[in-house]
Amino acid sequence: MLHIINKSPFERNSLESCLRTASKGSTLLFIEDGVYAALEGSAKADTLRQAMQDYTVCVLEPDLAARGIAAKAMDGIKRVDYAGFVDLVAESERVQSWL
Amino acid sequence: MSEEMMEEGGTIKKFLYVNRKAPYGTVYALESLEVVLIGAAFEQDVSLVFMDDGVFQITKGQDTAGVEMKNFSPTYRALEMYDVEKLFVEKESLDARGLTEDDLLVPVEVMTSEQIRDLMEDQDVILSF
């Protein structure tokens, strides 16, 4: 299952709700303001590091770059482009968008 | 009429713009910037606060080519040409996001929440975005 998160973890609880309910082995993809979850050294970094134990964590690179945080994203997060985004959706049986 | 009321034929008020939204996920940041620029023409006493996700508006190194949106972050550097020079950033918001003053693209004064509170109490008008 692919979980897509597009809201800042500092403003909304989408990330927490997703992590509470996503089954192990799922893939998380951060897009738009969701990419702020990838910030190394932030108050959410430990939450995400923990999540990486159970989930494949991906982030949409162009959204990181737009926000000036491409160099600040945590190690261990897979960066994808738009084509990679499409691949993730195509290969997932179900997609849950945490709007 | 009191002395502070009249200067160059108009009333000078203290305006504070409070910016709390990240730059590209919603249109608030861009709208705020446009209102600040329009307001600058009226020669008021303007201050800007960046707090919560608003600190991301002035984060260095924004490159929007890949998302095909306008990168409006360089405009913050032009604000001083409009005599908008009082930019404040809440320290607690930077800390929570793993950012420091060095990550910001304009000179700012970093303030604690208590200092921001006092700044807000000192204003005539507060506009929140």
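Letters A, B, ... are given to chains in the order of the sequence lines, protein chains preceding strands, and every chain is numbered from 1.
Across A/Pro9, A/Pro62, A/Ala45, the residue that shares the most heavy-atom pairs under 4.5 angstrom with chain B is A/Pro62. Across A/Ser8, A/Ala65, A/Gly41, the residue that shares the most heavy-atom pairs under 4.5 angstrom with chain B is A/Ala65. In terms of heavy-atom pairs under 4.5 angstrom with chain A, the leader among B/Leu94, B/Val67, B/Thr64 is B/Val67. Ranked by heavy-atom pairs under 4.5 Å with chain B, the list A/Glu11, A/Glu32, A/Glu61 is led by A/Glu11.
To the nearest 0.5 Å, atoms NZ (A/Lys7) and OG1 (B/Thr26) are separated by 10.0 Å. Atom CG in B/Asn71 sits 11.5 Å away from atom CZ in A/Arg67 (nearest 0.5 Å). How far CG of A/Asp63 is from CE of B/Met69: 9.0 Å, rounded to the nearest 0.5 Å.
Residue A/Glu40 touches chain B through its backbone alone, counting heavy-atom pairs closer than 4.5 Å. Only the side chain of B/Leu99 has a heavy atom closer than 4.5 Å to any heavy atom of chain A. Proximity to chain A is limited to the side chain of B/Asp53, based on heavy atoms less than 4.5 angstrom apart. With a threshold of 4.5 angstrom between heavy atoms, B/Asp95 approaches chain A through N, CA, C or O but not through any side-chain atom. Looking at A/Lys72, only its side chain comes within 4.5 Å of chain B, counting heavy atoms on both sides.
Other residues, nucleotides and ligands contribute only 12 or fewer heavy atoms inside 6.0 Å of the OH atom of B/Tyr82. Other residues, nucleotides and ligands contribute only 12 or fewer heavy atoms inside 6.0 Å of the OH atom of B/Tyr28. For B/Phe42, the CZ atom counts as loosely surrounded, since its 6.0 Å shell holds 12 or fewer non-hydrogen atoms of other residues, nucleotides or ligands. Heavy atoms from other residues, nucleotides or ligands lying under 6.0 Å from CD of A/Gln50 number 12 at most. Within 6.0 Å of the NZ atom in B/Lys86, the count of heavy atoms belonging to other residues, nucleotides or ligands exceeds 12. In this structure, B/Lys13 places its NZ atom where only 12 or fewer heavy-atom neighbours from other residues, nucleotides or ligands lie under 6.0 Å away. Open room surrounds CD on B/Glu68; 12 or fewer heavy atoms of other groups in view lie less than 6.0 Å from it.
If you chain together hydrophobic residues whose side chains sit under 4.5 Å apart, B/Phe72 and B/Leu105 fall into the same group. When hydrophobic clusters are built by joining Ile, Leu, Val, Met, Phe, Trp and Tyr residues whose side-chain heavy atoms come closer than 4.5 Å, directly or via intermediates, A/Leu28 is grouped together with A/Phe85. Note on B/Met120 and B/Met111: same hydrophobic cluster, where clusters join Ile, Leu, Val, Met, Phe, Trp and Tyr whose side-chain heavy atoms are under 4.5 Å apart, directly or indirectly.
A/Ala66 and B/Tyr24 get closest at one heavy-atom pair: O-CE1, 3.3 Å. Residue B/Gly66 comes nearest to A/Tyr82 through the heavy atom pair O-CE1, 3.3 Å, listed as atom of the first residue, atom of the second, then distance.
Classified by interplanar angle (parallel below 30°, tilted 30° to 60°, perpendicular above 60°), the ring pair B/Phe56/A/Phe10 is tilted.
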